[in-house]
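Naming convention: chains lettered A, B, ... in sequence-line order (proteins, then strands); numbering from 1 in each chain.
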There are 2 protein chains.
Amino acid sequence: MDTLEAILTRTSVRAFTDDPVTDDLVDTLLKAMIAAPSGGNKQPWRIFVVRNLDIKRQLARGAGDQEFVAEAPVVFVVCRVPDESGQRYGSRGRNLYSIQDTAAMTQNLLLAAHAIGLGGCWVGAFKEEEIATAINTPASVIPVAIIPIGKPANPRNVRGRKSLDQVVHFIS
Amino acid sequence: MDTLEAILTRTSVRAFTDDPVTDDLVDTLLKAMIAAPSGGNKQPWRIFVVRNLDIKRQLARGAGDQEFVAEAPVVFVVCRVPDESGQRYGSRGRNLYSIQDTAAMTQNLLLAAHAIGLGGCWVGAFKEEEIATAINTPASVIPVAIIPIGKPANPRNVRGRKSLDQVVHFIS
């Protein structure tokens, strides 16, 4: 799929068919994810690829009972590792870059999934401790996004956006 | 350009030709930017499109004398508006989602630029107050990324990444 088309037609997908997401497709998505830029190329991230149903249910519960999380064939949990950016960039690395870098990674995942006929949803509302417990991460590895991925069960329209006039300023 | 190819071949570009970036191309980039997802579709962002040389020089100075910022035909400054996410999501919206949403927007910009033969660099190291002064934003609008955009002056190789083994965990 063309890049601009992928960017403009991506939607949040919360209902999935039973079609599997193969390991090969997961590998394609992972390679797209780690191609994201990061401050100083520090790559302050970890990715958990969850197929285990019990763990997927724990993720759904930790995200306020968003059941569709457990219904996806595969769920990605993106975590930031603040110290890996902070060692070079101090508090700006820990509190800004590590969030930005993992968000760029998450956007790569959503765009790559859409481009190969899959879909997903960026879930940000969850209790970090419950998710960290579910995937068994230490305190230095902080979950920042849960992204269930699968084949979309039904087409969805792109949601409206504020107009460019509302958010863009030109300094010419 | 194919989406996966764009994701995998994007590099940081810090040297630009004198070729202009037309208003039409800027419009294409802006539409790609605002297609980014945001928590609750709150779109807590502002975009400044800077062509004015004096302002570009102020941006370069505020970013620790990164002169290439002033040498790009056009410079985008992406800002977050924490309160627009915080009104619904409280501190998580202000301190996490508003950063993630604007990072997804910035990644869309970099991918879209690359896909149409342009290039850019995500500049995160700068003094927020100096940048805010240069583009004249109130305290509620916080600059989070400066992205100079232009035609790449020379081809660049993709930088190395940690191996998937180092950053991925499978829970099957």
Indicate yes or no: does E84(B) engage R46(B) in a salt bridge with an N to O separation below 4.0 Å. yes
Below 4.0 angstrom, N of the basic side chain to O of the carboxylate: do D23(A) and R51(A) qualify? yes
For [X], which atoms come within 4.5 Å of any heavy atom of chain A: side chain, backbone, both, or neither?
| X | answer |
| --- | --- |
| V144(B) | both |
| W45(B) | both |
| N95(B) | backbone |
| L53(B) | neither |
| Y97(B) | side chain |

Heavy-atom neighbours of [X] [atom1] exceed 12 at 6.0 Å:
| X | atom1 | answer |
| --- | --- | --- |
| D65(A) | CG | yes |
| K162(A) | NZ | yes |
| R156(B) | CZ | yes |

Would you verify whether the NZ or CZ of R92(A) falls within 45 degrees of the ring axis of F126(B) while also being under 6.0 Å from that six-membered ring's centre? yes
Can you see which heavy atom on K31(A) is nearest to which on L8(B), and at what distance? O-CD2, 3.6 Å
Measure across T102(B) and V78(B) and return the closest heavy-atom pair with its distance rounded to 0.1 Å. CB-CG1, 3.8 Å
Give the member of [options] that has the highest number of heavy-atom pairs under 4.5 Å with chain A.
| options | result |
| --- | --- |
| L111(B), I99(B), D2(B), N41(B) | N41(B) |
| N136(B), L164(B), T9(B), V158(B) | L164(B) |
| T106(B), L4(B), N52(B), V26(B) | N52(B) |
| A6(B), A115(B), S12(B), A32(B) | A32(B) |
| P37(B), S172(B), C79(B) | P37(B) |

Is [X] in contact with chain B via its backbone, its side chain, both, or neither, using a 4.5 Å heavy-atom distance?
| X | answer |
| --- | --- |
| I55(A) | side chain |
| V75(A) | neither |
| Q166(A) | backbone |

With chain B as the partner, which of [options] has the greatest number of non-hydrogen pairs under 4.5 Å?
| options | value |
| --- | --- |
| M105(A), M1(A), R161(A), Q100(A) | R161(A) |
| F48(A), F76(A), Y89(A) | F48(A) |
| A103(A), G40(A), G124(A) | G124(A) |

What's the separation between atom CD1 in I142(B) and atom OG in S98(B), rounded to the nearest 0.5 Å? 7.0 Å
Verify whether one side chain among Q43(B) and D101(B) offers a donor that lies under 3.5 Å from an acceptor in the other. no
